[in-house]
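Atoms within each ligand, like the ligands themselves, are counted from 1 in listed order. What you see is a predicted model, and the numbers here were worked out from it, not measured in a lab.
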Amino acid sequence: MGKLAVMGSGYVGLVTGACLADFGLQVICVDNDEKKIKMIREGKIPIFEPGLESLVERNTYYKRLEFTDCIKDAVEQSEVIFIAVGTPPADDGSADLKYVLEVAKNIALYMNGYKIIVDKSTVPVGTGQKVKEVIQNTLNQRGVNHEFDIVSNPEFLREGSALYDFTHPDRVVLGVESERAERIMKEVYRVLYLNETPFVVTNLETAEIIKYASNAYLALKITYINQVANLCERVGADVHHVAKAMGMDGRISPKFLHPGPGYGGSCFPKDTRAFAHLGRKYEVPLTLVECTTEANEKQKNLMVEKIASAIGDLTGKELAILGITFKPRTDDMREAPSLVIINRLVQLGATLRIYDPEGEKEGKWRLSHLGDRITFCQDEYSAVSGAEALIIITEWNQFRNMDLARIYDSMKSKHFFDLRNIYDRQIVEKYGFNYYCVGR
Ligand code: NAD
């Protein structure tokens, strides 16, 4: 097996590169961000993902993994080239393909023989064909003719458990157009194949749809339980019991039935919008997905209403925010519900004391416009000290067993908002707090 290249060394690219190197393959990770590559070469990982730093270190040490900002070198040396660059939302909700197509063009500029170009970025149906066109056109302009194959290999990893997910996937999806590409891709994933990971081999278009259809379905499931939770709250039902009993039905499954402040992150929000856009483009409206994105926005605002209606006028009130990343075990704040909640609380007059175990760096620049209305604190106890309310937005493990007596004593008023339902109402109320959660 020749060398592999991974274009884009972000959450997906870095994990893909490091894990494939750990399978014993030779991998070159590429990024056009020189600073990022320099940092990684110095042994510093620009993102927080548990286990990633030591995996990169080990595989670099054994010379299976290298990093470069020189696309030419990487393309010339590799047979299989993954595209793992971002596909951020454009203004109309569609996925912006400029990075993917730029990389495709760069690959074609330096192709020197047969290559497999594997799209790992999440992209709308038809992108594989576009990438093919861009590559063929560029080769034509160069006046050279190299064979190549396009593969769609969407990634399903979750930030926070990305290494486990990459090495223990529920399935590997391969959208292919030739037997040669299928054979080589199975060779790339040989370790998983031997471990009997199911492989779904299909055409490009189907593979592209699988990724969006899966993410939109998960977002829809979360949104559904959020709406059921809101109803439970009104009628005196307990959404945890509802979700538990629903989940016992094998047709439903218990996963993704946890109510909260709405989904966020680098995938669900943009992928649902892009999928809905695709439906509109092909005049097959995905109305369930459209409703999901709308209901999710409402859910975040509902959390602010919950807080404001319990506390009353927020002008000049100091509130503690615990957890701002879009979920625990990551530093990623892309489209985190905390961003909507924090901005709105400040608009309503509150000042905020914020603590997140990994989110401070990203939080500081994403919330810099709020100036001295927000303060980042050293830990959860300093954040709640003197506060009128504590608001758990992200369920980091360390927030699950806080010293409630100590917190009670240090707070000014005793409002306890548990937007992830990680506490037992009876226990929290026993300490004297006013407890608010979602759907119970
Ligand atoms: P990211 O923003 O963390 O990383 C993208 C990287 O690509 C950046 O480091 C950027 O500098 C680099 N890049 C951009 N243009 C480049 C170019 N022309 N040449 C070389 N490098 C370039 O993004 P991510 O979270 O890793 O997501 C990548 C793709 O994977 C997206 O399509 C996303 O939807 C998908 N995805 C993400 C996750 C996740 O949990 N983050 C999971 C599954 C799929």
Side-chain angles (χ1 to χ4, degrees), residues 5-19 28-40 45-50 52 67-75 78 81-90 94-110 117-124 127-128 131 134 152-166 169-173 207-208 210-212 214-216 218-219 263-275 325-336 362:
V6 182
M7 300 289 167
S9 301
Y11 286 87
V12 169
L14 210 47
V15 169
T16 301
C19 289
I28 311 174
C29 281
V30 186
D31 207 286
N32 62 354
D33 182 340
E34 277 174 50
K35 271 199 244 150
K36 195 177 255 191
I37 291 297
K38 186 167 174 278
M39 208 176 149
I40 304 174
I45 301 298
I47 54 168
F48 173 74
E49 179 60 45
L52 186 57
F67 294 91
T68 181
D69 56 12
C70 181
I71 293 175
K72 179 173 183 285
D73 280 358
V75 171
S78 313
I81 304 167
F82 286 88
I83 301 180
V85 294
T87 44
S94 64
D96 187 342
L97 295 176
K98 66 173 179 250
Y99 302 112
V100 170
L101 299 179
E102 186 186 315
V103 167
K105 187 167 177 148
N106 283 334
I107 294 170
L109 281 176
Y110 303 119
I117 294 91
V118 186
D119 180 29
K120 212 167 222 333
S121 298
T122 302
V123 292
T127 304
V131 166
V134 167
S152 168
N153 171 221
E155 181 51 55
F156 298 93
L157 63 79
R158 295 162 300 173
E159 287 174 21
S161 50
L163 303 189
Y164 181 86
D165 290 350
F166 191 93
D170 291 328
R171 74 299 206 192
V172 171
V173 173
E208 289 168 340
I210 287 171
K211 173 65 189 176
Y212 275 129
S214 304
N215 269 7
L218 293 172
Y263 59 78
S266 63
C267 293
F268 289 174
K270 80 170 172 58
D271 293 351
T272 43
R273 288 198 296 269
F275 201 33
T325 52
F326 87 92
K327 66 172 178 178
R329 292 164 64 81
T330 181
D331 57 352
D332 199 341
M333 282 190 66
R334 285 178 280 186
E335 302 214 33
E362 194 170 332

Self-check item: Residue Tyr99 vicinity, atoms of ligand 1 by number, heavy atom under 4.0 Å
Solution: 15 (N)
Quiz item: Should you measure from each heavy atom of Val103, which atoms of ligand 1 turn up under 4.0 Å away?
Solution: 17 (C), 18 (N), 19 (N)
Quiz prompt | Minimum non-hydrogen distance to atom 14 (C) of ligand 1, winning option of Asp96, Val85, Asn106, Asp119 | solution = Val85
Practice problem: Would you indicate whether the side-chain heavy atoms of Asp119 and Val131 approach each other to under 4.5 Å? | Solution: no
Exercise. Please name the pair of heavy atoms, one in Thr122 and one in Lys211, separated by the smallest distance, quoted to 0.1 Å.
Key: OG1-CE, 3.4 Å
Self-check item: ligand 1-proximal atoms of Arg334, by part, heavy-atom distance under 4.0 Å
Solution: side chain
Practice problem: Pull out every atom of ligand 1 sitting under 4.0 Å from any heavy atom of Tyr11, numbered as shown with elements. | Solution: 3 (O), 25 (O), 26 (O), 41 (N)
Self-check item: Arg334 to Phe326 six-membered ring, cation-pi geometry met (6.0 Å, 45°)
Solution: no
Self-check item: Any N or O of Lys120 closer than 3.5 Å to N or O of ligand 1
Solution: no
Quiz item: Does Asp31 reach ligand 1 with a nitrogen or oxygen that is under 3.5 Å from one of the ligand's nitrogen or oxygen atoms?
Solution: yes
Quiz item: Is Asp33 close to ligand 1, meaning an N/O of one under 3.5 Å from an N/O of the other?
Solution: no
Quiz item: Out of Val30, Asn32, Ile71, Val12, who gets a non-hydrogen atom closest to atom 15 (N) of ligand 1?
Solution: Asn32
Quiz item: Does a side-chain heavy-atom distance below 4.5 Å link Ser121 with Val12?
Solution: no
Practice problem: Among Asp31, Val118, Ile71, find the one that has a side-chain contact (heavy atoms from CB on, under 4.5 Å) with Met7. | Solution: Ile71
Quiz item: At under 4.0 Å between heavy atoms, which part of Asp332 makes contact with ligand 1: side chain, backbone, both or neither?
Solution: neither
Exercise. Could you check if a side-chain atom of Glu155 sits within less than 4.5 angstrom of a side-chain atom of Phe166, using non-hydrogen atoms only?
Key: yes
Self-check item: Atoms in ligand 1 flagged as close to Ala84, the criterion being non-hydrogen separation under 4.0 Å
Solution: 5 (C), 28 (C)
Quiz item: Heavy-atom count around Arg171 CZ within 6.0 Å, excluding the residue itself: above 12?
Solution: yes
Quiz item: In terms of residue, atom name and distance, what is the protein heavy atom nearest to atom 35 (C) of ligand 1?
Solution: Thr122 OG1, 3.4 Å
Quiz item: With only distance considered, is Arg158 within less than 3.5 Å of ligand 1 through an N or O on each side?
Solution: no
Quiz item: Relative to the heavy atoms of Glu102, which atoms of ligand 1 are at a distance of less than 4.0 Å?
Solution: 18 (N)
Exercise. Check ligand 1 against Gly86 and write out every atom of the ligand that is under 4.0 Å from a heavy-atom position of the residue.
Key: 5 (C)
Exercise. Just do the side-chain contact (heavy atoms from CB on, under 4.5 Å) check on Val100 and Thr127 with the steps written out, would you?
Key: CA-CA 9 Å; Val100 170; Thr127 304; 4.2 Å; yes
Quiz item: Going by the order shown, which atoms of ligand 1 are within less than 4.0 Å of some heavy atom of Gly8?
Solution: 6 (C), 7 (O), 12 (C), 21 (N)
Quiz prompt | Per atom 32 (O) of ligand 1, closest listed option by heavy atom (Thr87, Asp271, Leu14) | solution = Thr87
Quiz item: Which pair of non-hydrogen atoms, one from Asp69 and one from Ile37, has the smallest distance, and what is that distance?
Solution: N-CG2, 4.1 Å
Exercise. Answer with side chain, backbone, both or neither: which part of Pro154 has a heavy atom less than 4.0 angstrom from an atom of ligand 1?
Key: neither
Quiz item: Do side-chain atoms of Ser9 reach the backbone of Val30 as a donor and acceptor pair under 3.5 angstrom?
Solution: yes
Quiz prompt | Aromatic plane relationship, Phe268 with Tyr263 - under 30° parallel, 30 to 60° tilted, over 60° perpendicular | solution = perpendicular
Quiz prompt | NZ/NE/NH1/NH2 to OD/OE distance under 4.0 Å, Lys98 and Asp96 | solution = yes
Exercise. Could you pull out, from Glu159, Glu155, Lys98, the option with a heavy atom nearest to atom 40 (O) of ligand 1?
Key: Glu159
Self-check item: Nearest-0.5 Å distance, CG of residue Leu14 to CD1 of residue Ile47
Solution: 5.5 Å
Quiz item: At what distance is the nearest protein heavy atom to atom 4 (O) of ligand 1, and which residue and atom is it?
Solution: Gly10 CA, 3.2 Å
Self-check item: Those atoms of ligand 1 less than 4.0 Å from some heavy atom in Lys270
Solution: 33 (C), 34 (O)
